[in-house]
*Asks:* 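Below is a structure I'd like to ask you about.
Worth knowing before you read on, the calculation uses all heavy atoms, side chains too, and leaves out hydrogens, waters and symmetry mates. All ligand and atom numbering here is 1-based and tracks the order in the structure.
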Amino acid sequence: MNPLLHKLQPYPFERLRQLFADLTPASEKSAISLSIGEPRHPSPPFVLEALAASLDKLANYPATAGLEALRGSIANWLTRRFALAGIDPAHQVLPVNGTREALFAFAQAVLTPGENGLVMMPNPFYQIYEGAALLAGAQPHFINCTPETGFLPDFAAVTEDQWRRCRLLYLCSPGNPTGAVLPQEQLQGLIALAREHDFVIASDECYSEIYREEDDPPPGLLQACAAMGDSDYRNCVVFHSLSKRSNLPGLRSGFVAGDAEILRDFLLYRTYHGSAMPLHHQLASIAAWEDEAHVRENRQRYRDKFSAVLAILDGHLEVQAPDAGFYLWPRTPLPDTEFARALYEGENVTVLPGRFLARDCGGVNPGESRVRMALVAEQAECEEAARRIVGLLLRLGR
Ligand SMILES: Cc1ncc(COP(=O)(O)O)c(C=O)c1O
């Protein structure tokens, strides 16, 4: 077997299962899970109809590059959403089966075997970045996200030598779990560094459509290029998904877009990897990318939920409203693992200890004493969870 497999860390949900193994939750209270970031608002009916109407396409093999029509609607969406001067759907857009597989596969395609380059990523982080780096034989390099840097990666702490050794930089904006958004000027600074040191930026923007202010959407990496008058998007690739935007996590539909040379090679990799999107999923995806009404409605649901939950937690838990995304990242009055255990045992509410999402780096684990709460359930259930958290805090005398 590939010895690099042994470098993979246990996935956070496995660690959570072990953390709770000896506990029996309060059975008189219904179970509420805030630990998994799976969207639970209803999928748009018109997308399901488009999916059902194209089931006959199961008779055909799909092409890895995807349908021209899908790449066209994605290019139109990108141009509208990120104020691009243009993007070539034939060479600068590629459908993927959700961003998870693409974020993983991308590292395998981009990194040179045996080079042992650095793959930089935020800390805490989406676990796939680390696994992708390790299985590509590269070295993960974590950049802490703390309150001192507004929960954004502390890029100032990266040395010149580390930038020189960097081959791939994963960004996550809006961030999971912090909800922090990288401003456009900072993205432009990173683009300049990527071109100077010739590394690739993989910008995971899968939460970009869940934001608080309707007239202030998070900027994206391609937008930052466009604002510099650049439509080659050199060294830059973005990752987007219908999972959160359109409540379609089971459709496994997303795309990558950006630098045409990188995407040409990534397409070659994917052809061998065998990761073409089924045709009926592609046709349903076209319907989803071409509609914004359901996305606005989805954002409003999250906004209402965040306001209600934050009002309940106010004065009890140290927590701030995130810029975007659907997570809260509060500081806990006890160590995060103890807080999660007490909440599960006493209130039957599951949250994810922050340390499971981060690594020790520079003498700190930026997830310690924080938990991730995914507000994905319906509002009443999220409010009930918040009330139970307050109940626990009062019992603990906090
Ligand atoms: C930061 C981040 N990136 C990517 C993904 C993967 O999403 P999908 O594969 O559904 O597009 C997730 C899912 O939770 C995520 O949190």
*Asks:* With nothing but distance in play, are any N or O atoms of Tyr126 less than 3.5 Å from an N or O of ligand 1?
*Replies:*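 Tyr126 vs ligand 1: no N/O contact under 3.5 Å.
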*Asks:* For Pro249, is the nearest heavy atom under 4.0 Å from an atom of ligand 1?
*Replies:*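 No; Pro249 lies far enough from ligand 1 that no heavy-atom distance drops under 4.0 Å.
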*Asks:* With a cutoff of 4.0 Å, is Glu38 in contact with ligand 1, counting heavy atoms of the residue only?
*Replies:*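 For ligand 1, residue contact (heavy atoms, under 4.0 Å) with Glu38 is absent.
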*Asks:* If you take all heavy atoms of Cys236 and Leu221, which pair is closest and at what distance?
*Replies:*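 That would be CB-CD2, 3.5 Å.
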*Asks:* Return the option from Asp204, Leu251, Thr99 holding the heavy atom at the smallest distance from atom 3 (N) of ligand 1.
*Replies:*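 Ranked by closest heavy atom to atom 3 (N) of ligand 1, first place is Asp204.
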*Asks:* Please answer whether the main-chain N or O of Ala321 pairs with a side-chain N or O of Arg212 as donor and acceptor at a distance below 3.5 Å.
*Replies:*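 Pair absent, no side-chain N/O of Arg212 close to backbone of Ala321.
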*Asks:* Return the minimal non-hydrogen interatomic distance between Glu384 and Ile32, and the atom names on each side.
*Replies:*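 So the minimum-distance heavy-atom pair works out to CG-CD1, 3.7 Å.
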*Asks:* Please could you name the atoms of ligand 1 that Cys172 approaches to less than 4.0 Å, counting only its heavy atoms?
*Replies:*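 With Cys172 as reference, the close atoms of ligand 1 come out as 1 (C).
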*Asks:* In this structure, does ligand 1 have an atom that sits under 4.0 Å from one of the heavy atoms of Lys244?
*Replies:*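 So Lys244 counts as touching ligand 1.
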*Asks:* Would you give the length of the straight line joining atom CD of Glu347 to atom NZ of Lys29, rounded to the nearest 0.5 angstrom?
*Replies:*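 Atom-to-atom, Glu347:CD and Lys29:NZ are 3.5 Å apart.
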*Asks:* Could you list which atoms of ligand 1 come closer than 4.0 Å to a heavy atom of Arg252?
*Replies:*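 Reading through ligand 1 atom by atom, the close ones are 8 (P), 9 (O), 10 (O).
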*Asks:* Counting only heavy atoms closer than 4.0 Å, does ligand 1 sit against the backbone of Leu103, its side chain, both, or neither?
*Replies:*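 Only the side chain of Leu103 comes within reach of ligand 1.
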*Asks:* Cationic tip of Arg270 within the cone over Phe266's six-membered ring, i.e. under 6.0 Å and within 45° of the normal?
*Replies:*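 Checked: cation-pi criterion met.
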*Asks:* When you measure from the side chain of Arg71 to the backbone N and O of Gly66, does any donor-acceptor pair fall under 3.5 Å?
*Replies:*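 Between the backbone of Gly66 and the side chain of Arg71 there is a qualifying donor-acceptor contact (under 3.5 Å).
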*Asks:* Using a strict cut-off of 4.0 Å, indicate which atoms of ligand 1 neighbour a heavy atom of Tyr207.
*Replies:*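 The list of qualifying atoms is 1 (C), 2 (C), 14 (O), 15 (C), 16 (O).
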*Asks:* Taking Asn235 for the side chain and Phe199 for the main chain, is one N or O donor matched with an acceptor at less than 3.5 Å?
*Replies:*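 Yes, Asn235 side chain to Phe199 backbone: donor-acceptor pair under 3.5 Å.
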*Asks:* Report yes or no: does Thr178 contribute a side-chain atom to a donor-acceptor pair with the main-chain N or O of Ala180 at less than 3.5 Å?
*Replies:*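 Yes, the answer is positive, given that a donor and an acceptor are paired below the 3.5 Å cut-off.
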*Asks:* Which of the atoms of ligand 1 are close to Gly98, meaning less than 4.0 Å from one of its heavy atoms?
*Replies:*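 Going through ligand 1 atom by atom, the ones under 4.0 Å from Gly98 are 9 (O), 11 (O).
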*Asks:* List every atom of ligand 1 that sits less than 4.0 Å from any heavy atom of Ser243, numbering the atoms from 1 in the order shown and giving each element.
*Replies:*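 Listed by number with element: 8 (P), 10 (O), 11 (O).
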*Asks:* For ligand 1, is Phe239 a contact, meaning one of its heavy atoms is under 4.0 Å away?
*Replies:*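 So Phe239 does not count as touching ligand 1.
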